[in-house]
2 protein chains.
Amino acid sequence: MQQFLSNIQIKVNDYLFLKDPSSSELGKRIISGSVELMHEIGFEAFTFKKLAKEINSTEASIYRYFENKNKVLLYLTIWFWGWTESKLVFAITNVEDKELKLKKAITIITEDVLEDRRFKDMNERKLQKVVYDESAKAYINKLVDDENKNGVFANYKSVIQRVSDIILEINPDYPYPKMLVSTIIEGTHLQRFFVDHLPGLTSPKTNSDSDVVQEFFIDLAFKTIKT
Amino acid sequence: MQQFLSNIQIKVNDYLFLKDPSSSELGKRIISGSVELMHEIGFEAFTFKKLAKEINSTEASIYRYFENKNKVLLYLTIWFWGWTESKLVFAITNVEDKELKLKKAITIITEDVLEDRRFKDMNERKLQKVVYDESAKAYINKLVDDENKNGVFANYKSVIQRVSDIILEINPDYPYPKMLVSTIIEGTHLQRFFVDHLPGLTSPKTNSDSDVVQEFFIDLAFKTIKT
DNA sequence: CATTATTGATAGCTTTACTATTATATTTGC
DNA sequence: GCAAATATAATAGTAAAGCTATCAATAATG
């Protein structure tokens with residue numbers, strides 16, 4: 001499995017780039033450098049000029065790959081969803097028990113990745129942090145309709161569809177499966193941000209071993225879908 | 001009540017402005033103009049230069065009230081939470097039945113305001129849209145810790161605390177009340193955005209009369225807190 | 001009525017976001 | 001092996017955004 005996973009490549013909608021960053025050495029440096037730099041200084045302060053310096057290239061060269069920094073963040077976000085889907089598929093394949101399957105699925109979409117490093121050009125831990133903290137900025141804007149029309153969010157929709165399907169297996173009458181799944185996913189991002197920065201808006205950590213955010217959403221999901 | 005409400009003023013933490021916009025004619029124009037302009041063109045495209053033109057003032061004058069556009073958005077967001085809290089307090093005062101009280105509370109925090117206009121300098125409907133679509137950009141950034149230290153989020157925390165308290169009245173053993181409330185609040189924003197722009201990530205509208213987002217969260221809340 | 005505070009008008013500076021041009025290095029087809 | 005195509009680097013430059021400074025005009029206040 002580990003072996004197989006190390007051979008797969010995450011595909012990202014080509015609307016998001018001018019030249020495929022996975023197709024060249026420089027492109028890969030742009031991606032891994034973007035993750036590093038956004039993780040370090042945040043999306044607002046991130047510029048192509050700073051990135052160019054970081055990866056020993058030039059601003060103009062980066063512009064041949066991406067139109068602007070927004071598309072880079074969206075690229076990373078969509079890559080993240082492709083990666084999440086791949087983890088999800090392997091986690092639930094051949095699991096017969098419906099409830100166990102749902103539990104595994106929610107664990108995947110809410111987990112806090114510590115180290116993964118299956119992809120040598122992608123620091124998944126830092127990527128997850130970037131996606132958690134910044135991804136809403138990538139799609140909550142006036143361009144989202146155009147991006148959506150071009151199929152940009154297909155990876156994200158796949159993840160939601162898959163988990164949604166498991167919910168419907170358990171309770172075919174539950175009326176809001178997708179709403180529940182997207183609430184769990186986006187809620188996880190936000191709660192993790194709150195735990196770190198605005199603890200007054202969230203619940204305190206229980207014991208140090210457990211992941212309170214994950215517990216909360218698993219509990220919420222099972223109670224919500226029960227008839 | 002309506003009479004009383006028209007006499008109250010929403011207080012916003014003074015860390016957010018250099019000069020209190022509610023203290024002058026120009027200040028009020030900056031606020032109402034910001035709501036109009038952000039609603040129209042979105043936060044990214046919003047600039048103090050454009051705002052100055054809109055309200056017949058100058059860029060430099062606006063800079064005497066606010067350090068930057070981020071603080072304006074945060075000001076609007078915090079005002080929105082103060083306003084929400086005032087609505088919440090009146091909705092639940094003297095309501096004895098715990099479950100009814102919770103239902104009213106969740107209705108307030110998830111409602112889609114059509115017209116309100118109790119505050120002549122604030123278009124609440126447009127403000128709500130701006131807060132729904134853009135507010136995450138105001139606080140999800142590297143400055144949040146500093147802002148939080150200065151008590152900026154007190155209005156927001158109050159709202160969460162109040163609803164949280166009602167949940168604990170119904171079920172004192174529910175372990176994650178604040179997490180649930182902040183998930184409902186932020187989830188509402190996001191689901192409304194999804195319904196409009198990314199319907200594939202959410203559930204379809206049921207019948208045109210009902211508010212599916214509100215229904216979903218009320219259903220979710222009651223099921224989740226039940227023992 | 002003198003002083004103080006507020007706003008407007010204008011200028012300017014730095015950074016960001018992006019494009020264009022040319023030179024150099026690398027790859028690829030033949 | 002060499003010409004042609006392609007990719008990248010180096011550099012320059014433009015427009016807008018973001019922000020500060022100065023000073024004059026006006027309004028408020030004591």
Side-chain angles (χ1 to χ4, degrees), chain A residues 14-34 36-38 40-76 121 134 137-138 141-143 146-147, chain B residues 14-34 36-38 40-76 121 134 137-138 141-143 146-147:
Chain A
D14 62 10
Y15 170 84
L16 293 177
F17 49 75
L18 301 169
K19 181 172 152 63
D20 188 350
S22 72
S23 71
S24 75
E25 203 40 58
L26 177 61
K28 287 171 194 165
R29 266 156 57 215
I30 291 172
I31 295 306
S32 61
S34 294
E36 291 294 327
L37 196 55
M38 282 190 200
E40 192 185 339
I41 64 176
F43 182 68
E44 275 75 23
F46 173 91
T47 68
F48 280 0
K49 194 171 236 159
K50 291 176 190 166
L51 175 61
K53 204 174 167 189
E54 178 97 357
I55 64 174
N56 289 312
S57 180
T58 63
E59 215 185 342
S61 296
I62 297 170
Y63 271 104
R64 279 191 211 96
Y65 284 82
F66 289 100
E67 271 178 71
N68 52 54
K69 70 174 183 174
N70 236 64
K71 294 225 166 159
V72 175
L73 178 54
L74 207 43
Y75 179 98
L76 296 178
D121 299 311
E134 322 277 7
K137 295 167 196 163
N141 61 49
K142 300 271 171 192
L143 301 168
D146 187 42
E147 291 156 356
Chain B
D14 62 10
Y15 171 85
L16 293 176
F17 48 75
L18 301 168
K19 182 172 153 61
D20 188 350
S22 71
S23 70
S24 75
E25 203 40 58
L26 177 61
K28 288 172 192 163
R29 266 157 55 215
I30 290 173
I31 296 305
S32 61
S34 294
E36 291 294 327
L37 196 54
M38 283 190 199
E40 193 185 338
I41 64 176
F43 181 68
E44 275 76 23
F46 174 90
T47 68
F48 280 180
K49 196 170 235 161
K50 289 176 190 166
L51 175 60
K53 203 175 170 189
E54 178 98 357
I55 64 175
N56 288 312
S57 180
T58 62
E59 213 185 346
S61 298
I62 297 169
Y63 271 104
R64 284 190 203 98
Y65 284 82
F66 289 100
E67 272 178 71
N68 52 54
K69 70 175 183 174
N70 235 64
K71 294 226 166 159
V72 175
L73 178 55
L74 206 44
Y75 180 98
L76 297 178
D121 299 311
E134 322 277 7
K137 295 168 197 164
N141 61 49
K142 298 275 172 191
L143 301 169
D146 187 42
E147 292 155 357

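To find a chain, count down the sequence lines: A is the first, B the second, and so on, and within it residues start at 1. Source: prediction; values computed, not measured.
Atom-to-atom, CD1 of I30(A) to C1' of dA7(D) comes out at 12 Å; the value is rounded to the nearest Å. For the pair Y63(A) OH and dA12(D) P, the interatomic distance rounds to 19 Å; values are reported in whole Å. A straight line from CD of E44(A) to P of dT15(C) spans 19 Å, rounded to a whole angstrom. Whole-Å rounding puts the I62(A) CD1 to dA7(D) P distance at 17 Å. Between F46(A) atom CZ and dT15(C) atom C1' there is a gap of 16 Å when expressed in whole angstrom units. Note: NZ (K49(B)) to P (dT14(C)) measures 16 Å, nearest angstrom. If you take NZ of K69(B) and C1' of dA17(D), they are 9 Å apart, rounded to a whole angstrom. Summarising the geometry, the separation between CG on D20(A) and P on dA7(D) is reported as 12 Å, rounded to the nearest angstrom.
Looking only at atom types and distance, the side chain of Y63(A) has no donor-acceptor partner in the side chain of N68(A) under 3.5 Å away.
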Quiz prompt | From CA spacing to verdict: side chain to side chain donor-acceptor pair (under 3.5 Å), S34(A), Y75(A) | solution = CA-CA 11 Å; S34(A) 294; Y75(A) 179 98; over 6 Å; no
Quiz item: Can you give one letter per nucleotide of nucleotides 3-8 of chain C, going 5' to 3': B for a protein heavy atom under 4.0 Å from the base, S for sugar-phosphate only, - for none?
Solution: ---SBB
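The neighbour count for K53(A) NZ, taken as heavy atoms of other residues, nucleotides or ligands under 6.0 Å away, does not exceed 12.
Note on E44(A) versus K137(A): salt bridge recorded, some NZ/NE/NH1/NH2 to OD/OE distance being below 4.0 Å.
Judged by the 6.0 Å and 45° rule, K71(A) forms a cation-pi pair with Y15(A).
Nucleic acid contact class of E59(B) (heavy atoms, under 4.0 Å, all strands): base.
With I31(B) as reference, L76(B) is the one residue of L76(B), I55(B), L26(B) to meet the side chain to side chain contact (heavy atoms under 4.5 Å, CB included) rule.
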